[in-house]
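Comments concern the structure below.
Just so we're on the same page: letters track the sequence lines, and every chain starts at 1.
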Amino acid sequence: MDFSAVGSAAAEALTLASFIGIGGGVLLGYVVGVIPGLSRSVAISIAIPMTFYMSPYIAISFLIGLSKGTAAGSAVSAILLNAPGEASSAATALDGYPMAKQGKPKTALQIGLIASVMGDILATIILIFVAIPFARVALMFGPYEMAAILAFALVFIAGLSGGNIFKGLAAGGLGIFLGTVGLDNQTGLPRLTFGYTELMDGMPLIAVAIGTLALSEMFVQSEKLRYERGTMSVAIKKDDSDRITWPIFRRILPTILRGTGVGTFVGALPGLGPSVGSFMSYGMAQKAAKDPQAFGKGEPKGIAAAESADNAVIPAALIPLFGLGIPGNVSAALLIGAFAIHGITVGPLLLRDNPELLYSIFAGMILASVIMLALGWFGLMFFAQITRVPPHVVIPVVIFFCLAGMMLQGYGTFGLVILMGFALLGYLMKKYDYSFVTFLVAFIITPMLELNLRQSIILSRGNWEILLGRPIAMFFIVCTVLALVTLIVRTFRTDKAAGGAPTSE
Amino acid sequence: MPRSDFWSGLAVAAFGLLALLWMIPNYAGSNPFAQMPPELVPGIGAWLMVICGGIIAVKGLVQLLRERLTLVTTELSWAAIGWAAWPFVYVGVAIWFMSFIKITWFGAFLIAGMLILLGERRWYMILGCSVVPVVLLYVLSVYMMRVGVV
């Protein structure tokens, strides 16, 4: 490890600009996480245009801080409102809300916060120690290996991020198709641009991200308002007995450590996401408990298990991103876009070409965790008040920022029309259960996949036998085929099992 | 579910076919000397859509036949469709408006109008929620990003 780079990274993390940037990201993330209906990906997609004027380190740390903040903030609404700000905090609500109703809302929030911060810091440390060796190995990979790994990641995400592999693959197919729009790297000729010069650089990432994630989500939320209006949150009263104590902390500590392990494992695998991590951790904590019946009735271990895993997933999801350049989820995919906007290629090359930046980001992540603890601890009452903001107030403001984000990008009316098109696409994908995660990941990694595929074909001169001498590439090709077959068989079996029961129509 | 699967699968497969038969041959370009033709990767995406969309549609159709359901339903709630559609129309009109006037100048009206349509009636909420985001955008674009009024 380059200790001078580590030292300068730590120094950069402790500057005022760094504190303001990262603190701002965590604060914004916390506020967004607290508001039900606003998710992490919505927040990141809207925030990317705000980072244009920042330095690469501050911009990326701001977005990672925002990501961490949403994960911690979503626990507040889960505990006080029984309406998780993120789907991954649904497991937190199982015990958090009953505990709050029992007159211990502050204790529940503090347990959630401590579990979040511990899960986050430990997973960040694991990321630092795993991603760098991982990237060193990945630097030895050639285009054959990278193309095979990217194809495997895509199939894995398609199969695991939604229920139906065919819907996932169809969404991935659309992402691949749209990801090829723009100038062809080899011929230099426009491809699928239909004569629009604005598309020469490809479909604008900001329009695709904001449209499919944020704007479409606001349309879904406004539709829901017809059927459900806001609920009242549990109020926090001044009560000295309502706080976390040392015996409670000692009791939940093993659960936090286990949750962190589960979250890190799940986060490092592409496609699974924090919801799987938090529910898996919750289930394991319940199984390991002496009194499993207490779960669901305000058990502190339930909150600790869900929150530690939920927050551990965020840094762990960056292991494949920094190690291989592969986004494991939507937030990581958006980070690739943010890196690209700042002219940086994320992945193993980042370690070789720009190690100072990588170490600075790691230092920024640790700083974000500390800020998260301070903000969450001292701003508890403030964030509790935010849960009272009704969704019908949030929707128009977010829509305004979606449109403003496109204008800041400088695409003008053309960009807004593209944005609207993708908002409609995102709305339909959510409505008909097509994996927009797979779509977005496929859209973002397609240029990388195509480049590696092209290099492989040119280097091998079209001779596929060359793959026999590349065991890693062969391994991932076999894994891709096996994953595909397994997921297809699983989908057919699930459908067959559900075939006997009448459907909702 | 099977009905929506059938129609959505059909739409995906139809788009894939359109891409394969019209978009890619006419707009993907070609290079006879390239070892990897430029239409290869978009073609893979289009084939994925055709195959997977087709499978989803066929599975939906089989399920519909098994449950003796019709392909279309007359039980449509126009009120629900209208409620789902109006935000699209509202934002669409706003985008049209933005080709004439900058969002900073009419953003407050854009937010206030939607707040009222969504049921907000408290004047201080309408005023605060519509003015504050616009001021933030102004500060961000003019003073922080220095790109001028957007």
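- Proximity to chain B involves both the backbone and the side chain of A:L424, based on heavy atoms less than 4.5 angstrom apart.
- With respect to chain A, the highest number of heavy-atom pairs below 4.5 Å among B:G29, B:C129, B:A84, B:A28 belongs to B:A28.
- The nearest pair of heavy atoms linking A:M420 to B:G92 is CE-N, 4.0 Å.
- To the nearest 0.5 angstrom, B:W96 atom CH2 is 14.5 Å from A:L416 atom CG.
- With chain A as the partner, the residue from B:I56, B:V62, B:L140 showing the most heavy-atom pairs under 4.5 Å is B:I56.
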For the pair A:K167 and B:V12, evaluate side chain to side chain contact (heavy atoms under 4.5 Å, CB included) and give the outcome as yes or no after the intermediate values. CA-CA 10 Å; A:K167 286 187 175 180; B:V12 170; over 6 Å; no
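- Atom-to-atom distance recorded for A:L174:CG and B:C52:SG is 12.0 Å, nearest 0.5 angstrom.
- Nearest heavy atoms, B:P133 versus A:V397: CG-CG1, 3.8 Å.
- Shown here for A:Y434 and B:G9, the closest heavy-atom pair between the two residues is OH-N, 3.4 Å.
- Between chain A and the options B:M125, B:E39, B:K59, the largest number of non-hydrogen pairs under 4.5 Å is found for B:K59.
- In terms of heavy-atom proximity, B:P38 sits nearest to A:E450 at O-OE2, 4.4 Å.
- Nearest heavy-atom pair, A:H392 versus B:L115, reported as atom, atom and distance to 0.1 Å: O-CD2, 3.5 Å.
- Looking at A:I458, the atoms closer than 4.5 Å to chain B (heavy atoms on both sides) sit in the backbone and in the side chain alike.
- When heavy atoms are compared at a cutoff of 4.5 Å, A:K431 does not approach chain B at all.
- Between chain A and the options B:A79, B:A11, B:G43, the largest number of non-hydrogen pairs under 4.5 Å is found for B:A79.
- For B:Y90, no part sits under 4.5 Å from any heavy atom of chain A, backbone or side chain.
- Of all heavy-atom pairs between B:M36 and A:I457, the closest is SD-CD1, 3.7 Å.
- In B:W47, the CH2 atom is not crowded: 12 or fewer heavy atoms of neighbouring residues, nucleotides or ligands sit closer than 6.0 Å.
- Only the side chain of A:I395 has a heavy atom closer than 4.5 Å to any heavy atom of chain B.
- Among the candidates B:A13, B:A80, B:G113, B:S130, the residue making the largest number of heavy-atom pairs closer than 4.5 Å to chain A is B:A80.
- With values rounded to the nearest 0.5 angstrom, B:L48 atom CG is found 12.5 Å from A:F177 atom CZ.
- Aromatic ring orientation, A:F194 versus B:Y27: tilted (interplanar angle from 30° to 60°).
- To the nearest 0.5 Å, atom NZ of residue B:K102 and atom CE of residue A:M407 are 8.5 Å apart.
- The distance from the CZ atom of A:F401 to the CG atom of B:L137 is 6.5 Å, given to the nearest 0.5 Å.
- Contacts between A:F219 and chain B at a heavy-atom distance below 4.5 Å involve the side chain alone, from C-beta outward.
- Your options are B:L136, B:V150, B:I111, B:T73, and the one with the most heavy-atom pairs under 4.5 Å with chain A is B:I111.
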For a side chain to side chain contact (heavy atoms under 4.5 Å, CB included) check, start with the C-alpha distance between A:T446 and B:V41, then their side-chain angles and the critical distance, and finish with the verdict. CA-CA 8 Å; A:T446 290; B:V41 176; 4.0 Å; yes
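- For chain A, the nearby parts of B:V134 are the backbone and the side chain; heavy atoms of each come within less than 4.5 Å.
- Going from atom CG of A:L169 over to atom CD1 of B:I55 covers 9.0 Å, rounded to the nearest 0.5 Å.
- Most heavy-atom pairs under 4.5 Å with chain B, from the set A:L215, A:V393, A:L189: that is A:V393.
- Only the side chain of B:L110 comes within less than 4.5 Å of a heavy atom in chain A; its backbone stays farther off.
- For A:Y432, the OH atom is loosely surrounded, since the number of other residues' heavy atoms within 6.0 Å does not exceed 12.
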